[in-house]
Protein chains: 2
Amino acid sequence: MAAHATDVSLAVSTVIFALRPHPETGRMTVWMPLVRRIREPFVGKWALPGGPLEPDEDLAESAARTLAETTLLTPQYLEQLYAFGNIDRSPGGRVVSIVYWALVRSEEADVAVETENVRWFEADSVPELAFDHNLIVEYALWRLRNKLEYSSIAHAFVGDTFTLSELREVHEAVLQKPLDPANFRRQIEGSGQVVPTEHLQTGGRHRPARLYRYNRAASDENNGPLPSRSLPGRTQGAS
Amino acid sequence: MAAHATDVSLAVSTVIFALRPHPETGRMTVWMPLVRRIREPFVGKWALPGGPLEPDEDLAESAARTLAETTLLTPQYLEQLYAFGNIDRSPGGRVVSIVYWALVRSEEADVAVETENVRWFEADSVPELAFDHNLIVEYALWRLRNKLEYSSIAHAFVGDTFTLSELREVHEAVLQKPLDPANFRRQIEGSGQVVPTEHLQTGGRHRPARLYRYNRAASDENNGPLPSRSLPGRTQGAS
DNA sequence: CCAAAAGTGTTGGTTTTACACCCATGC
DNA sequence: GCATGGGTGTAAAACCAACACTTTTGG
């Protein structure tokens with residue numbers, strides 16, 4: 001028998017996170033777009049965007065593609081989450097899903113219009129989803145909250161330059177708890193993951209805030225030996 | 001096109017770690033068994049044990065099976081590492097490998113006899129391997145060293161009961177640096193991941209050491225929402 | 001008694017946390 | 001001026017690393 005022997009189909013899906021103000025409380029919280037299934041199994045149920053892996057694309061490319069196709073978003077951060085492959089996770093056929101998780105900037109999230117088959121949900125209270133996607137979402141959220149505390153993924157939610165308040169707002173939204181501005185500042189500044197720019201942000205009715213820029217070099221150190229998580233969409237690394 | 005459409009074959013491989021005394025220095029270091037490839041591509045090169053995913057087994061089951069088939073080992077710990085799926089990682093056919101990493105007790109490692117096609121290597125200096133397996137090994141080692149510091153995987157290397165010296169020896173071997181016995185003791189005891197037994201270990205020409213037992217309950221808390229990483233060999237998951 | 005590892009104590013330094021306080025701006 | 005966040009200072013608490021010292025065994 002040939003090396004290709006497998007009755008298992010392979011799919012790539014993505015959990016997409018963005019921050020948006022809660023429609024009622026106005027507080028920033030974590031949201032994610034889901035797509036409605038238009039075929040069996042689980043017709044009509046909400047599910048993670050994804051699809052079968054094409055033979056000519058890498059895993060991350062596949063994630064970025066299906067993500068863009070369904071939601072028009074281009075993620076700022078994209079990393080593999082986990083491969084889910086339990087025998088019975090998909091009624092009617094063995095499917096192994098390699099799941100990625102992505103972070104998109106808040107402004108971008110607004111671009112992703114809602115349609116009949118695409119809708120944003122608050123990550124902490126998604127409805128009952130297709131397949132084992134509830135478990136996947138839960139795990140992705142756990143990873144997000146976890147990783148926020150020991151790496152610098154928070155930058156993926158903000159612009160190229162940002163104030164420390166903006167960055168703190170991201171942390172507070174994800175971790176769901178207020179942080180001391182003074183201590184947060186020292187913690188971030190001391191970590192070297194951020195570098196101050198010349199510019200200040202005026203306009204608020206208060207003292208202007210210094211703008212910072214993400215320091216890629218310093219952050220790469222903790223990411224392990226895997227060929228750096230760069231984005232398929234843009235050049236990256238081009239200064 | 002049917003849901004099964006895929007030209008990509010799916011394999012499961014495992015990086016197996018065990019601690020063994022270095023033949024020259026005598027110091028404990030990290031070792032791993034590799035298998036020799038007996039067919040193209042990369043005939044004759046060393047590679048991670050693994051094989052195609054069978055349709056009727058879960059991913060972890062597959063890892064445990066191929067691991068047992070090739071090395072006769074049953075791991076104490078088994079966790080998914082990463083899915084490798086670059087287009088060109090396997091000459092002559094697209095293969096996505098879902099890689100697990102496993103820890104086996106030192107005594108067990110001795111069971112795994114060396115044959116013509118199975119040999120133990122020091123993890124830090126493996127030869128040039130087939131496919132992208134050098135990268136995989138490097139990543140697995142990184143994860144091992146990383147995870148040792150914030151979780152309680154060290155227990156997988158020792159017996160059901162153990163002295164704190166034995167546990168410290170594990171840490172020192174993996175981290176490759178000596179640890180202060182006094183501070184190590186406090187750190188472990190304070191973490192709650194270990195619970196003292198009634199028994200002492202006599203026999204050394206020194207004061208007997210208290211035996212401890214692993215405290216599963218306390219450790220599970222940090223492992224995220226994924227259905228606990230327990231071993232396929234024993235019950236679990238049957239439900 | 002001695003060697004060696006088990007286990008406890010102590011101390012100085014760093015890191016975290018909580019909160020007081022001054023600074024610069026828009027209105 | 002005053003309200004509002006930006007940004008600095010600081011002291012108590014918690015944590016950590018280094019190392020002295022006491023305990024209990026085998027020889």
Side-chain angles (χ1 to χ4, degrees), chain A residues 21 26-28 106 145-146 148-152 154-155 158-159 161-173 175-214 218 222, chain B residues 21 26-28 145-146 148-152 154 158-159 161-213 218 222:
Chain A
R27 284 189 46 196
M28 276 290 201
S106 310
R145 297 198 160 120
N146 229 268
L148 189 74
E149 304 196 277
Y150 68 84
S151 83
S152 44
H155 302 287
V158 298
T161 71
F162 47 87
T163 68
L164 291 185
S165 285
E166 287 167 353
L167 196 60
R168 178 166 48 86
E169 190 182 23
V170 169
H171 280 252
E172 291 179 336
L175 299 177
Q176 299 177 298
K177 70 180 179 195
L179 299 173
D180 184 308
N183 295 334
F184 180 80
R185 160 182 304 276
R186 271 183 291 252
Q187 186 190 312
I188 295 294
E189 275 181 333
S191 75
Q193 63 188 245
V194 108
V195 52
T197 71
E198 300 294 301
H199 304 91
L200 302 180
Q201 186 179 77
T202 60
R205 26 187 294 182
H206 53 75
R207 176 171 169 181
R210 163 144 275 120
L211 286 166
Y212 288 78
R213 185 187 314 285
Y214 174 47
N222 309 322
Chain B
R27 281 189 48 195
M28 276 291 201
R145 296 197 160 119
N146 230 265
L148 190 74
E149 304 197 277
Y150 67 84
S151 82
S152 44
V158 298
T161 71
F162 47 87
T163 69
L164 291 185
S165 285
E166 288 167 351
L167 196 62
R168 177 165 50 84
E169 191 183 21
V170 168
H171 281 253
E172 291 178 336
V174 173
L175 265 29
Q176 298 177 298
K177 69 180 179 194
L179 299 174
D180 183 308
N183 295 333
F184 180 79
R185 160 182 304 278
R186 272 183 290 253
Q187 186 190 310
I188 296 294
E189 276 180 332
S191 75
Q193 63 188 245
V194 108
V195 50
T197 71
E198 300 294 301
H199 304 91
L200 302 180
Q201 187 178 76
T202 61
R205 26 186 296 179
H206 52 76
R207 175 170 171 181
R210 163 146 273 117
L211 286 167
Y212 288 78
R213 184 187 312 285
N222 309 324

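Reckoned from all heavy atoms, side chains included, excluding hydrogens, waters and symmetry mates.
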Quiz item: Just by distance, do the side chain of A:Glu172 and the backbone of A:Leu179 share a donor-acceptor pair under 3.5 Å?
Solution: yes
Quiz item: Taking NZ from B:Lys177 and C1' from D:dA18, how many angstroms apart are they, rounded to a whole number?
Solution: 14 Å
Quiz item: What residues in residues 180-188 of chain A put a non-hydrogen atom under 4.0 Å from any atom of DNA chain C?
Solution: A:Asp180, A:Ala182, A:Asn183, A:Arg186
Self-check item: Close residues, residues 192-206 of chain B, relative to DNA chain C [heavy-atom separation under 4.0 Å]
Solution: B:Arg205, B:His206
Exercise. Of all the heavy-atom pairs spanning B:Gln193 and B:Ile188, show the shortest one and how long it is.
Key: OE1-CD1, 4.1 Å
Quiz item: Relative to the 5' end of DNA chain D, which residue comes earlier, A:Tyr212 or B:Pro208, by the nucleotide with the nearest heavy atom?
Solution: A:Tyr212
Exercise. Starting at atom CG of B:Leu167, determine the distance to atom P of C:dG7, rounded to an integer number of angstrom.
Key: 13 Å
Quiz prompt | Length of the line joining B:Arg207:CZ and D:dC21:P, which is rounded to integer Å | solution = 18 Å
Self-check item: For atom CG of A:Leu164 and atom C1' of D:dT4, their distance in whole Å
Solution: 17 Å
Quiz item: Do other residues, nucleotides or ligands put more than 12 heavy atoms under 6.0 Å from the CZ atom of B:Arg145?
Solution: yes
Quiz prompt | Trace of the side chain to side chain contact (heavy atoms under 4.5 Å, CB included) decision for B:Leu211 with B:Thr163 | solution = CA-CA 5 Å; B:Leu211 286 167; B:Thr163 69; 3.8 Å; yes
Quiz item: Across the strands shown, which category fits B:Ser165 at heavy-atom distances under 4.0 angstrom: base, sugar-phosphate, nothing?
Solution: sugar-phosphate
Exercise. Specify the closest pair of heavy atoms between B:Pro21 and B:Gly26, including all atoms of both residues, with the distance to one decimal.
Key: CB-O, 3.7 Å
Quiz item: If you measure from CG on B:Leu175 to CG on B:Asn146, what distance do you get to the nearest 0.5 Å?
Solution: 9.5 Å
Quiz item: In Å, rounded to the nearest 0.5 Å, how long is the span from CG of B:Leu167 to CZ of B:Arg185?
Solution: 11.0 Å
Quiz prompt | Distance, rounded to the nearest Å, where B:Arg210 contributes CZ and D:dT24 contributes C1' | solution = 13 Å
Practice problem: Please work out which of the three classes, parallel, tilted or perpendicular, describes the rings of A:His171 and A:Phe184, given edges at 30° and 60°. | Solution: perpendicular
